[in-house]
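Since the structure comes first, as structure tokens, the remarks are kept for the end.
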Amino acid sequence: MTMMECSVCHSRLTATGTKTVSKAYHRHRSDFSSKSRALNILLVVGDCILVGLQPILVYMCKVDGSFKFSPVSVNFLTEATKVLFAIMMLLFQARHQKVGEKPLLSITTFVQAARNNVLLAVPALLYAINNYLKFIMQLYFNPATVKMLSNLKVLVIAVLLKIIMRRRFSLTQWEALALLLIGISVNQLRFLPEGTTALGLPVATGAYLYTLIFVTIPSLASVFNEYALKSQFETSIYLQNLFLYGYGAIFNLIGIIGTAILKGPSNFDLLQGHSRATMLLIFNNAAQGILSSFFFKYADTILKKYSSTVATIFTGIASAALFGHTLTINFILGISIVFISMHQFFSPLSKLKDESQNGSLEMTDGQNNQRSKDASFINMTAGANKDASHHVGPDERAPLLPV
């Protein structure tokens, strides 16, 4: 049995499974504090900048249409950078602990936290695979197209959240996600380049195969990451990041060793083929990964992926200005539909419908909600004295919660 905290209202409760995690998310969705709103805005703005720059930097790293460095080495250096950041923040947090708090740097705390957060090894492995796929995708698609394809993750993540974390969505929100899929498809209504192959397969087959893996693996990683971080909410996020990035560094180091065995010892040189662009890419990827952990622990995966769609317009304009890529009418129509979908998903109307459905489901599950409490109060009042007259004052007509 663990202590959980709602990602929206930060209320503490005891959780025993994914069903409780889902109820914690939905119970006070509309009860946002000013700090939560400010944090969400900062997360979205930072995510838009970093995610928008990532495909541009990857494209700048290509020389004659290929990479002169090992993508696995970039991923390893990125994880190592994030590990150093997590250690620095842990030291800073430990120096500012209050008297009586459990020490962060003790061996007992570290070992216990490592046992409780062993699930973070799953998203770390999936992220290691996904980070390599990002480079492969850049060989067959331009940066704006890669960003549009990555938005397909929102639909896959929604299905995984419903299955794994029992997250509930209203009909309006499912329609918004379907509209998002349509918007992405509109952008892809053009032919792939001819005359190139991928893994010996025709480019269309190879590209679609990579797209399927590129969408599924990071979606699984995001959902498992959110579940693992929130299931151990009392653990410091920097300590959790240390475990997550440590696992990631180990998996990428295994990939480097495997590459060196298959292609020769020269591939073990971590800095071979790197340039200023790759260094910028490493720092950008590290910052993006650190920011994502705050999304998963203090917000949610859907908000993270929807904020990444906003970066698509920045990526498209930047790639057109820097590399001469044409912004087709398909891209303009596609991104317009994506923004309409995002507005529909987060609109108050969809939230109201969602809350109504959640209330009905909670009553079906036998949970106490406001309607059952009101019904019990009315029955008790009626049985107390049938002949009693009661005059309702103006204060009693006022809503229970401030408007």
Side-chain angles (χ1 to χ4, degrees), residues 3-12 21 24-25 28-29 31-54 78-94 96 104 113 116-117 119-120 122-124 126-127 130-131 150 153-154 157 161 165 167 218-249 282-311 346:
M3 294 299 298
M4 294 291 299
E5 181 169 336
C6 178
S7 62
V8 176
C9 66
H10 304 290
S11 59
R12 303 284 177 84
V21 175
Y25 176 81
H28 305 295
R29 277 186 71 178
D31 187 19
F32 280 95
S33 65
S34 58
K35 291 183 179 180
S36 298
R37 288 194 182 98
L39 177 62
N40 287 344
I41 292 174
L42 289 176
L43 289 175
V44 170
V45 172
D47 188 65
C48 290
I49 296 174
L50 296 174
V51 174
L53 284 174
Q54 200 265 347
T78 299
E79 297 300 324
T81 302
K82 291 189 288 186
V83 168
L84 291 177
F85 177 82
I87 293 175
M88 292 174 57
M89 293 306 300
L90 272 176
L91 294 174
F92 177 81
Q93 192 176 23
H96 292 79
L104 285 173
N116 295 336
N117 291 273
L119 184 61
L120 289 171
V122 177
L126 295 174
Y127 280 135
N130 174 65
N131 290 335
S150 67
K153 301 172 189 175
V154 179
I157 285 173
L161 286 173
M165 297 185 64
R167 186 76 56 83
S219 300
L220 284 169
S222 298
V223 174
F224 274 111
N225 197 7
E226 179 180 350
Y227 181 80
L229 290 174
K230 288 181 177 176
S231 63
Q232 300 294 326
F233 202 91
E234 297 299 324
T235 306
S236 168
I237 187 172
Y238 302 114
L239 190 55
Q240 289 179 311
N241 284 345
L242 179 61
F243 298 136
L244 177 64
Y245 305 147
Y247 288 133
I282 290 171
F283 286 113
N284 180 81
N285 288 349
Q288 186 178 337
I290 294 169
L291 191 68
S292 297
S293 65
F294 284 88
F295 260 106
F296 296 138
K297 185 158 185 173
Y298 299 109
D300 65 86
T301 310
I302 291 292
L303 179 62
K304 167 68 176 71
K305 294 308 175 183
Y306 255 115
S307 71
S308 298
T309 65
V310 181
F346 292 104

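FYI, the numbering just counts along the sequence from 1. Here the structure is a predicted model, which is why all the values come from computation and not from measurement. Hydrogens, waters and symmetry mates play no part in the numbers below; they use all other heavy atoms, side chains included.
Between the CZ atom of F294 and the CD1 atom of I237 there is a distance of 4.0 Å, given to the nearest 0.5 Å. Atom OG of residue S222 and atom NZ of residue K304 lie 7.0 Å apart, to the nearest 0.5 angstrom. Between N285 atom CG and F283 atom CZ the span is 11.5 Å, to the nearest 0.5 Å. Here CD1 of I87 is found 11.0 Å from CG of L239. Values are rounded to the nearest 0.5 Å. Going from atom CG of D300 over to atom CD1 of I157 covers 10.0 Å, rounded to the nearest 0.5 Å. Taking CD of E226 as the start and OH of Y298 as the end, the distance is 13.5 Å to the nearest 0.5 Å.
A search for side-chain hydrogen bond (donor to acceptor under 3.5 Å, both in side chains) contacts involving N117 returns Q240, not counting sequence neighbours. Partners of F243 under the ring pair (Phe, Tyr, Trp, His ring centres under 6.0 Å) rule, at least two apart in sequence or in another chain, are F110. Remark: S236 engages Q93 in a side-chain hydrogen bond (donor to acceptor under 3.5 Å, both in side chains) (not counting sequence neighbours). Remark: S219 engages no residue in a side-chain hydrogen bond (donor to acceptor under 3.5 Å, both in side chains) (not counting sequence neighbours). Contacts of L84 classified as side-chain contact (heavy atoms from CB on, under 4.5 Å), with partners at least two apart in sequence or in another chain: none. Residues that satisfy the side-chain hydrogen bond (donor to acceptor under 3.5 Å, both in side chains) test with E79, not counting sequence neighbours, are K82.
Of all heavy-atom pairs spanning L119 and A228, the tightest one is CD2-CB, 4.0 Å. Across all their heavy atoms, Q288 and V51 have their closest contact at NE2-CG2, 3.5 Å. Between G246 and V83, the closest heavy-atom pair is N-CG2, 3.7 Å. Of all the heavy atoms in I290 and F85, the pair that sits closest is CD1-CD2, 3.3 Å. For the residue pair L120 and L244, the shortest heavy atom distance occurs at O-CD1, 3.5 Å.
In this structure the side chain of F346 reaches within 4.5 angstrom of the side chain of L303, judged on heavy atoms. With contacts defined as side-chain heavy-atom distances shorter than 4.5 Å, the pair T301/F295 does not qualify. Considering only heavy atoms from C-beta on, Y238 stays 4.5 Å or farther from L242 through its side chain. Here the side chains of S292 and Y127 are not in contact, with every heavy-atom distance at 4.5 Å or above.
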- Using the side chain to side chain contact (heavy atoms under 4.5 Å, CB included) rule, take V122 and Y247 through it: C-alpha gap first, then chi angles, then the decisive distance, then the call. CA-CA 9 Å; V122 177; Y247 288 133; over 6 Å; no

- Item | Step-by-step side chain to side chain contact (heavy atoms under 4.5 Å, CB included) determination, T78 to Y245 | CA-CA 9 Å; T78 299; Y245 305 147; over 6 Å; no

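A donor-acceptor contact shorter than 3.5 Å is absent between the side chain of N225 and the backbone of P123.
Relative to the six-membered ring of F296, K230 misses at least one condition, a distance below 6.0 Å or an angle of at most 45° to the axis.
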